[in-house]
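Notes for the one structure printed next.
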Number of protein chains: 2
Amino acid sequence: MFELLFKSITDKIEISLIELDSVQSFFTTKKLRRKQYLLQEGDVCKYIAFVTKGVLKSYTIDEKGAEHIIQFATEGWWVSDNYSFLTGLAASYTIDAMEDSELLLITHAAMEEMLFAIPKMEKYFRILFQNNIIAIQNRLVCSLTQTAEEKYKKMNDDYPNIIQRVPQHTIASFLGITPETLSRIRKQRAGKD
Amino acid sequence: MFELLFKSITDKIEISLIELDSVQSFFTTKKLRRKQYLLQEGDVCKYIAFVTKGVLKSYTIDEKGAEHIIQFATEGWWVSDNYSFLTGLAASYTIDAMEDSELLLITHAAMEEMLFAIPKMEKYFRILFQNNIIAIQNRLVCSLTQTAEEKYKKMNDDYPNIIQRVPQHTIASFLGITPETLSRIRKQRAGKD
DNA sequence: TGAGTTTCTTGATCTATATCAATACAATTT
DNA sequence: AAATTGTATTGATATAGATCAAGAAACTCA
């Protein structure tokens with residue numbers, strides 16, 4: 001259950017088994033069925049979640065009811081509405097499971113306690129977030145500069161795994177294009193590469 | 001010189017004056033003239049920089065020589081190519097000054113030393129980066145969902161200050177639209193609000 | 001199993017924004 | 001002050017991708 005989290009931590013910082021054991025004690029586990037919510041827009045994001053199994057998506061919903069995907073989270077990734085989690089204010093993102101999933105949850109209070117008890121975990125999260133910034137900025141550049149086809153190709157190269165596990169119209173939303181456009185791109189591309 | 005940095009720190013964590021004094025010792029100062037580079041694409045990003053005066057932009061350059069703005073940094077903001085800074089590999093962003101500017105610089109080695117000497121600075125950067133993620137994700141959502149006019153209006157609301165200090169075609173690039181489109185939007189909008 | 005839902009495809013049409021081009025204006029530099 | 005360079009405007013035209021619409025697969029779950 002905790003191996004993936006421990007790996008994520010030991011990849012970034014030096015930490016003893018005893019301390020890892022202590023880290024573990026601040027988390028609770030949760031299973032989500034496909035389509036179940038972890039967080040609904042307007043609620044307060046009580047936990048940040050580490051995915052040990054499954055796929056989740058976080059997204060906004062516009063006036064027309066269309067979803068705009070912020071992030072996919074699979075095994076080994078964190079997911080939350082950072083803004084709501086930090087401030088305690090209403091979340092603007094919805095998070096739900098796209099497959100039956102298993103999570104490690106930590107509340108805001110438990111997080112504070114953990115960081116106080118094991119200060120080196122600050123470093124873990126600092127590095128985690130720094131890597132995250134790099135990834136999101138990269139995605140932002142792509143969204144500003146690339147054509148629909150280039151975006152899809154890059155998605156294929158970077159996250160082949162996600163493409164296989166997630167419906168096509170959800171990929172389209174993640175890339176900021178319509179499902180119709182993605183369908184046409186795939187048709188054109190068939191056979192390429 | 002260091003007041004703005006100290007403010008940024010004390011806004012986020014509890015820290016003594018003695019420790020702040022120690023923080024200060026890890027930085028060097030630098031002045032940049034308008035149009036001078038802090039970092040050129042392909043070089044290694046040796047420093048992260050805290051802006052105490054002026055405006056900088058970080059951007060990529062495409063095959064056609066067009067700039068795509070990643071970020072503006074004014075007084076009180078950090079700027080760097082995080083990826084290059086962390087890995088020591090070649091930077092994909094260029095950073096230069098749009099006004100005569102003053103910076104506080106810290107090298108990778110000095111940063112490591114500082115975080116070792118004053119571990120609570122990990123918390124400062126963790127919070128800084130967490131806030132950064134919120135901001136970039138927010139920008140990403142806007143770039144995926146909003147029209148050119150909505151983007152420009154939001155930019156006006158969120159960063160009126162930047163709009164006044166930065167040429168219009170650079171704002172356009174930041175928003176992912178052409179200068180011509182921005183010019184037309186401004187014409188239409190004249191008188192609105 | 002089969003009725004309902006969800007997802008994908010394809011075609012016809014529309015539109016926001018890009019591109020190309022020319023001019024005018026403003027700000028630096030010599 | 002002239003020359004150079006950078007910036008903004010405006011018009012004409014092109015186009016990538018959106019939207020609308022309808023049918024075909026592909027799943028799910030009673």
Side-chain angles (χ1 to χ4, degrees), chain A residues 32-36 54-55 57 59 61-69 72 96-101 142-156 162-191, chain B residues 32-37 55 57 59 61-69 72 94 96-100 142-156 162-191:
Chain A
L32 278 187
R33 282 291 176 71
R34 187 169 127 80
K35 302 206 173 183
Q36 252 189 301
V55 193
K57 64 179 196 289
Y59 55 100
I61 306 165
D62 67 21
E63 329 78 51
K64 292 176 183 166
E67 296 177 2
H68 300 277
I69 311 296
F72 294 118
D96 65 26
M98 309 190 69
E99 297 175 0
D100 295 353
S101 301
C142 294
S143 97
L144 293 176
T145 61
Q146 297 192 313
T147 63
E149 179 168 7
E150 287 166 342
K151 286 176 198 172
Y152 177 66
K153 182 172 184 325
K154 184 163 167 53
M155 175 99 202
N156 252 305
I162 301 238
I163 297 235
Q164 258 130 51
R165 291 165 77 175
V166 166
Q168 210 168 291
H169 70 275
T170 312
I171 302 285
S173 160
F174 180 79
L175 297 176
I177 61 183
T178 58
E180 293 95 329
T181 296
L182 182 52
S183 174
R184 284 185 254 260
I185 284 170
R186 282 170 49 90
K187 193 185 177 188
Q188 271 176 241
R189 282 185 64 79
Chain B
L32 278 186
R33 283 288 174 75
R34 188 170 128 79
K35 302 209 173 179
Q36 252 189 300
Y37 292 114
V55 194
K57 64 179 195 290
Y59 56 100
I61 306 166
D62 67 21
E63 330 78 50
K64 291 177 184 166
E67 296 178 2
H68 299 278
I69 310 296
F72 295 117
T94 299
D96 64 27
M98 307 189 68
E99 296 175 0
D100 294 352
C142 293
S143 97
L144 293 176
T145 60
Q146 296 192 312
T147 63
E149 178 168 7
E150 286 165 343
K151 286 176 198 172
Y152 178 66
K153 182 173 185 327
K154 185 164 167 51
M155 175 98 201
N156 251 305
I162 300 237
I163 298 234
Q164 258 130 50
R165 292 166 76 175
V166 167
Q168 211 168 290
H169 70 273
T170 312
I171 301 286
S173 160
F174 180 80
L175 297 176
I177 62 181
T178 58
E180 293 95 330
T181 296
L182 182 52
S183 173
R184 283 184 254 262
I185 285 168
R186 282 168 50 89
K187 193 184 177 190
Q188 270 177 241
R189 281 186 65 78

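Here is how names work: the chains are called A, B, and so on, in the same order as the sequence lines, proteins then strands, and each is numbered from 1. Since the structure is predicted, the reported quantities are computational estimates derived from the model, not experimental observations.
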Rounded to whole Å, how long is the line connecting atom [atom1] of [X] with atom [atom2] of [N]?
X      : N      : atom1 : atom2 : value
A:L144 : C:dT17 : CG    : C1'   : 14 Å
A:R165 : C:dT7  : CZ    : P     : 17 Å
B:I171 : D:dT7  : CD1   : C1'   : 13 Å
B:M98  : C:dT28 : CE    : C1'   : 16 Å
B:D100 : C:dT28 : CG    : C1'   : 13 Å
B:I185 : D:dA8  : CD1   : P     : 14 Å
B:I177 : C:dA18 : CD1   : P     : 7 Å
B:D96  : D:dG6  : CG    : P     : 13 Å

Would you mind reading off the bend of the helix from C:dT1-D:dA30 to C:dT30-D:dA1 from its two end axes, five pairs each, to 10 degrees? 50°
Return the [atom1] to [atom2] distance between [X] and [Y], rounded to the nearest 0.5 Å.
X      : Y      : atom1 : atom2 : answer
A:L182 : A:Y152 : CG    : OH    : 6.0 Å
A:L144 : B:I177 : CG    : CD1   : 10.5 Å
B:N156 : B:Q164 : CG    : CD    : 8.5 Å
A:E180 : A:R184 : CD    : CZ    : 6.5 Å
A:K151 : A:S143 : NZ    : OG    : 5.5 Å
B:L175 : B:Q146 : CG    : CD    : 9.5 Å

Protein-nucleotides 8-12 of chain C N/O pairs under 3.5 Å:
{"from": "C:dC8", "atom 1": "OP1", "to": "A:Q168", "atom 2": "N", "distance (Å)": "2.9"}
{"from": "C:dC8", "atom 1": "OP2", "to": "A:Q168", "atom 2": "N", "distance (Å)": "3.1"}
{"from": "C:dC8", "atom 1": "OP2", "to": "A:H169", "atom 2": "N", "distance (Å)": "3.0"}
{"from": "C:dC8", "atom 1": "OP2", "to": "A:H169", "atom 2": "ND1", "distance (Å)": "3.2"}
{"from": "C:dT9", "atom 1": "OP2", "to": "A:Q168", "atom 2": "NE2", "distance (Å)": "2.6"}
{"from": "C:dT9", "atom 1": "OP2", "to": "A:S183", "atom 2": "OG", "distance (Å)": "3.0"}
{"from": "C:dT9", "atom 1": "O5'", "to": "A:S183", "atom 2": "OG", "distance (Å)": "3.3"}
{"from": "C:dG11", "atom 1": "N7", "to": "A:R184", "atom 2": "NH1", "distance (Å)": "2.9"}

Show every donor-acceptor pair shorter than 3.5 Å between a side-chain atom in residues 165-174 of chain A and any protein atom, with sequence neighbours excluded, or say none if there are none.
{"from": "A:R165", "atom 1": "NE", "to": "A:E99", "atom 2": "OE2", "distance (Å)": "2.9"}
{"from": "A:R165", "atom 1": "NH1", "to": "A:E75", "atom 2": "OE1", "distance (Å)": "3.1"}
{"from": "A:R165", "atom 1": "NH2", "to": "A:G54", "atom 2": "O", "distance (Å)": "3.3"}
{"from": "A:R165", "atom 1": "NH2", "to": "A:E75", "atom 2": "OE2", "distance (Å)": "3.1"}
{"from": "A:R165", "atom 1": "NH2", "to": "A:E99", "atom 2": "OE1", "distance (Å)": "2.9"}
{"from": "A:Q168", "atom 1": "OE1", "to": "A:R186", "atom 2": "NE", "distance (Å)": "3.0"}
{"from": "A:S173", "atom 1": "OG", "to": "A:E67", "atom 2": "O", "distance (Å)": "2.9"}
{"from": "A:S173", "atom 1": "OG", "to": "A:I69", "atom 2": "N", "distance (Å)": "3.1"}

Got a sec, which residues hit side-chain hydrogen bond (donor to acceptor under 3.5 Å, both in side chains) with B:D62, two or more places apart in sequence or on another chain? B:H68
Quick test: give all pairs of protein nitrogen or oxygen and nucleotides 26-30 of chain D nitrogen or oxygen below 3.5 Å, distance rounded to 0.1 Å.
none

Please determine whether a side-chain nitrogen or oxygen atom of B:T178 lies at a distance below 4.0 Å from atom OP1 or OP2 of C:dA18. yes
Looking at side-chain heavy atoms only, is the closest gap between B:K57 and B:D96 below 4.5 Å? yes
Can you list the residues that meet the side chain to side chain contact (heavy atoms under 4.5 Å, CB included) rule with A:T147, with sequence neighbours excluded? A:E149, A:E150
Main chain of A:R34, side chain of A:D100: is a donor-acceptor contact present, judged purely on distance under 3.5 Å? yes
